[in-house]
Structures are given as structure tokens and as C-alpha cells.
Amino acid sequence: MSSVKRIIPLLDRVLIQRIKAESKTATGILIPEKAVEKLNEGVVVSVGPGNVTKEGKTIPTGLSEGDRVLLPSYGGSPIKLDSLKDKEYLLYRAEEILAKLQ
Amino acid sequence: MSSVKRIIPLLDRVLIQRIKAESKTATGILIPEKAVEKLNEGVVVSVGPGNVTKEGKTIPTGLSEGDRVLLPSYGGSPIKLDSLKDKEYLLYRAEEILAKLQ
Amino acid sequence: MSSVKRIIPLLDRVLIQRIKAESKTATGILIPEKAVEKLNEGVVVSVGPGNVTKEGKTIPTGLSEGDRVLLPSYGGSPIKLDSLKDKEYLLYRAEEILAKLQ
Amino acid sequence: MSSVKRIIPLLDRVLIQRIKAESKTATGILIPEKAVEKLNEGVVVSVGPGNVTKEGKTIPTGLSEGDRVLLPSYGGSPIKLDSLKDKEYLLYRAEEILAKLQ
Amino acid sequence: MSSVKRIIPLLDRVLIQRIKAESKTATGILIPEKAVEKLNEGVVVSVGPGNVTKEGKTIPTGLSEGDRVLLPSYGGSPIKLDSLKDKEYLLYRAEEILAKLQ
Amino acid sequence: MSSVKRIIPLLDRVLIQRIKAESKTATGILIPEKAVEKLNEGVVVSVGPGNVTKEGKTIPTGLSEGDRVLLPSYGGSPIKLDSLKDKEYLLYRAEEILAKLQ
Amino acid sequence: MSSVKRIIPLLDRVLIQRIKAESKTATGILIPEKAVEKLNEGVVVSVGPGNVTKEGKTIPTGLSEGDRVLLPSYGGSPIKLDSLKDKEYLLYRAEEILAKLQ
């Protein structure tokens, strides 16, 4: 099982893999790093069960694995795990996610 | 489908396209950039379903696609997507929108 | 229809036109600009429907078009619309308005 | 009608006239301005109807016109109206008032 | 009636007279002012009726006139009234008082 | 009655005596003061009755006299009473206490 | 009984032992200290009973002894007890824990 699949978000948290901008043009020319803007787009990797009310009811997050989403410019907890160094993963509270992308 | 139509705002968020000030006068003379004041006006592009209460009831935002609106001077999440570079889009919580314009 | 009449405040917001201090004395002598103190007085131009409770009930703001009001020293969103440049309009939440003037 | 009587506080606000310290001793000797300490005492000039609950019930402020009160050291909105320049008036939320003076 | 008795605290406020440290030793030797530490002890002089709930119920403060109490290091509104200059009085919200002293 | 026993904490406050680190080694050698780390451990000396709900119900704190507890690094009101100078006492809200020690 | 087992977290707190990064490579070569990144991973050592509602109901934390968890980058109360100096223990509120690790 891949290492990132081991992460089970708690409460209303969602695990997001940020989508990296292409560092080459379509014709294969390398773009200098500074010109590669940080994109605010990500993919939902896994979803917590949702917050629990005082009556014990769980409120689902409304997001699903595989959803492409828009991320806010600030916030999110970056995940530092040994095996994840080549990809960028973050945990957000579901209500911080701005929008889904169809 | 145009790229911006792919963005489905979550909860009570609304996607707004800011209206740019004209950079030419009516007779076609170019206005230097600094003289073009940033307008606080926008058009609603899409609307989230609304916040969900703990009882599971969805509260609609009261805004509709196509509404012309007044934006607050601060706030809003600017959307950075590759295909949107020529227009300025922002996501707001519906209650941040100041007014509708008839 | 005048441009300011196009602005329909949302929720509990009220649109206020600030009352400018006279820049001439009664006998027509010009007062230097610095001596014209900014007044905290305004007129209600239009009123939002009021906030909506989670039960769907609208709470009216208690203010009406034409009310003369006292404004707080801070706060309010100044409205920048092309056609409004000669007058000063602001949007406030109704509960920020300090007092009515008879 | 005196100008200050025109001010009708909104919600739970109360209009207070601050009591100025005497700038003469009992025997008529002038006290230099710095020695006249700012007093925290005031008189209630008018009282708002009180806050309104979501059920539409108005909660009276518990203060009445003419009450002598102790004011907090900070807070309050000073009223700047042309005709009020010789006296010091402030608007407070009722719950900011510290005490009544018998 | 003594001047401090005129002060009727509002809501859940309590009027406290701070207890001053002795500036003489038991044998009458004067202690230099810097060595007299500010004590955090006081006596309750008068007590407000308590906060009022939205249902109109008054919640008593649990403190009584004459109680010796421990004061927090910060907070409290010092009372500046002409006739109170020789003693130190402060108003606290009842829940700020740390403890009673038997 | 010892002076500290006179202190009756209010609401959900608990009176804690901080446990001082030993300033000697087991074999009696003095440890220089800087090497004596401030311990986060304390003993509950007395316990307030607990907070009171708006319905008049008292919620006990869950702590008892004699409990050994872990203290947070920040917070707590140090008690300065003449007779307590050789020991370190603090008042905390019960929910600030991190853990009990068996 | 080991010293850390003596710590009984209160309310919704959980006691976490942070997992230290290896300071040697698999082949036994020492990694200089600066290259050993602080990992955000820990093991749940013990779990408080959970918060108590005003109705007296206890809400369990959803975490169990032995769970491997992801920790937030900030927050947590480090535990300084004499006998714990070789390991790093922290107390968190359960809702601060980001995710479980399978």
C-alpha cells in the first residue's frame, strides 16, 4: 500500500495532493523555476468522516476521493513524511476548500 | 465548456468576475494605467449551494448567476488557473458581498 | 434612474450618503479645507432587507430611507462607482449606526 | 428643541454627557488646565430602546434619562455635531457603563 | 452617606477596595515605598444585581459586601472620583475575581 | 489555620502549589540555580465549586484536593500574599490543567 | 510503572510520544544533526476521557492508545518531567491531531 494511503484524516479534514505546474512547455523547453507559478489546484486523496455534533451525529464533508479542487492561498498543514518527499501533500479542514473543478 | 464554468463554488461561496475599468476614453484615447482606478464592481459567475445547518438544511445564498454586485475592498480569494490569466476571478463568501446593482 | 438608486444593499446593510460640511460661511467666505471638519452625519439612501435567521425569518434593520443618522468614526465600506465621484457613499451594517437624528 | 435632544440612540446605546471637572476652586482661583483631571462621570441624556432578540423581544437597557453614571476609561463614540462643540457627548453600549451614582 | 456608597455597580460588576500594604513595620519603622509590594487583596464594597439572561432571569454574582477577595494582576476599572483620592477603588466583573479569603 | 487554607477558589478555579525542583543532588551537592529547571508539576491545594450554567446547575471541576497535576507552561495567576512568600501558589481555571499524575 | 504511564490526560487531551528521525543511515553512517528533519509523526501514549457537555455527557476523543498519528506543526504542550528527558512527549487536544496512520 502506498505510503500516502496510510494517512486517514480525522474529523472534517481532507488530504490533498497539490497539482504541480508543468516545468516544461508543450514542446519540451524547460521553464526556469521562477516562472512556474504555484497553482492553487489539488486532488482529494482521502476524506475524514466529518465533524461530530454533540448529539453524536456525523456531518459528512461533501468532498470525495478524486475530486479536483481549488485551494485557498493560505492555510493547510503540509505533510512531512519520509516517503512523501517528491510530492506535495496538505491537510485542510473541508470548509477551507474553495471550490470543486468539474 | 469554458474553463471558468468548471469551477463549482462550495458551501456559501460565490465566484465573481471583477469588472475592469476601461483603459480607453470613449473617443479612443488610452488612459495611463495608474489613472484607471480599480473598480469594486463584479458579476456573479456561479453560486455555491449555501451553508448546511447541523440539521442538514441548506441555506441558499440569495445571489444568482449574472447578478452585478458591489465587492468589499478587502478579502476574496483570487483564482489562479492557467486558462484564466486574462480575466480576474475571485471567490467570496456570499455574506461578504455588499450590494446588488440593478 | 440615478446611479446610486441602482445599489440594493444585501442582508442588514444600509447605504449612507455622508453629509459634507459647508466649505463656505453663511456670508459666502470660503473656509480653507483643513478647517472643514469631517462630520459624522449621514442620510440613509437605501436599506437591505435584514439578516436571515437559520429558521428563514428575516430581521428588519429598523432603519428607513431618508433617516438622518450618526455614523461611527471607523468602519463602513466606501463605494467607488464611476458615476458617484462627487458624493461620498458608504455601506454599513445596520447595527454599526449609532443613532437617528430627529 | 436643543440639538442634543435630536439624537435618538439605536439599539442598546446610551447618549452620555461627560461631567467636566471644575476649573476654579471654590474660592474662585483658576486651576491650571493640567491639574484638572478628566473625570469618569457622566449624565444619561437619552437611552436606546435596547437590543432585539431573534424572537423579536426588546431587552431594555436598565438605564434612564438623568441617571448619573461612571464611565469606563476607554471606549465610547464621541459625537461631533456642529452645535455640540462646547459640551462633550459620547455614545456607549449600555453594558459598557460601569455603575450608577445615587 | 459616604461617597463610595453612592456607587451602585451595574450588571455583574463588583466594587472592590484594594487593601494597601503596611508602609510601617510592626515596631513603627517606615518601609521605603519600593519595598511595599502591591497586594492582590481587596474587600467587596458593593455588588451589582448580576447579569440578566435573554429570558429576563437575573444571575446573582455569588459575592457579598464585606467579602475579602483575591484580585487578578490585570484588569479592573479604577474609579476616579474627587472624593476617593485617598483610597483605591476598582470595579471588576464578578467572574474576574479569583478567590474568596476566609 | 494556615494562610493558604484561607483561599477559597471561585467558580472553576483551582489553587495549585507548584513543586520545586531539588536544588541539591542526592549526595548533597548544591546545583547552581540556572541548572534547576522549572518543573511543570503541582499539587491541588483547593478546588472551586465549578462553573454555574444559566439554568443554575453547578458543573464540578473533576479535580480534587491532593491531586498531583501537570501544569501548562503559560497562564495561571500567581498568588502574592504576605505569608506565602516561601512557596509558589497559582490559580488556574480547571480546564487549563493538562493531566493528573497517578 | 514507567513514569510516563503515570500521566492521565484530562478532558479531551491526548499524550503523544513524538517519533524521532533516525540519526544514522541504514548502513550506519551518522547523519549530521541539521539534516535530521523534525518528523510530524507520533504515537498515542494515553487518551483523556473526552470533553463533558453541559448535560453531563462525555464525548470520547476517537483516538486510542497505540494509534500512530500525524501532528500539527505548531501547538501541543511539551512535558518536562525529570524522568522523561530522553524522549519527547507532548499533550494535544484531540481535535488538533491531523490524521491517523494505518
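Just the heavy atoms: all of them, side chains too, but no hydrogens, waters or symmetry mates, feed the values below. First the proteins, then the strands, lettered A, B, ... as listed; each starts at 1.
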Q | D/Leu10/C/Leu63 under side chain to side chain contact (heavy atoms under 4.5 Å, CB included): CA gap, chis, key distance, verdict | A | CA-CA 10 Å; D/Leu10 289 170; C/Leu63 290 166; 4.1 Å; yes
**Q.** Audit row: D/Arg6, C/Arg68, side chain to side chain contact (heavy atoms under 4.5 Å, CB included) steps and yes/no
**A.** CA-CA 10 Å; D/Arg6 292 174 48 222; C/Arg68 281 178 84 95; 4.2 Å; yes
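- Among the candidates C/Ile59, C/Ile97, C/Val69, the residue making the largest number of heavy-atom pairs closer than 4.5 Å to chain D is C/Ile97.
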Q. Would D/Ile8 and C/Leu101 count as a side chain to side chain contact (heavy atoms under 4.5 Å, CB included) if you check the C-alpha gap in whole Å, the side-chain angles of each, and the deciding distance to 0.1 Å?
A. CA-CA 6 Å; D/Ile8 316 292; C/Leu101 296 169; over 6 Å; no
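- Heavy-atom minimum distance, C/Asn40 versus D/Pro78: ND2-O, 4.4 Å.
- Contact annotation for residues 46-53 of chain D against chain C (heavy-atom separation below 4.5 Å): no residues qualify.
- Pairs engaging residues 90-102 of chain C under the salt bridge (Lys or Arg N to Asp or Glu O under 4.0 Å) rule: C/Asp12-C/Arg93, C/Asp67-C/Lys100 [sequence neighbours left out].
- Heavy-atom minimum distance, D/Pro9 versus C/Ala99: CA-CB, 3.8 Å.
- C/Lys57 places a side-chain N or O within 3.5 Å of a backbone atom of D/Lys54 that can act as its donor or acceptor partner.
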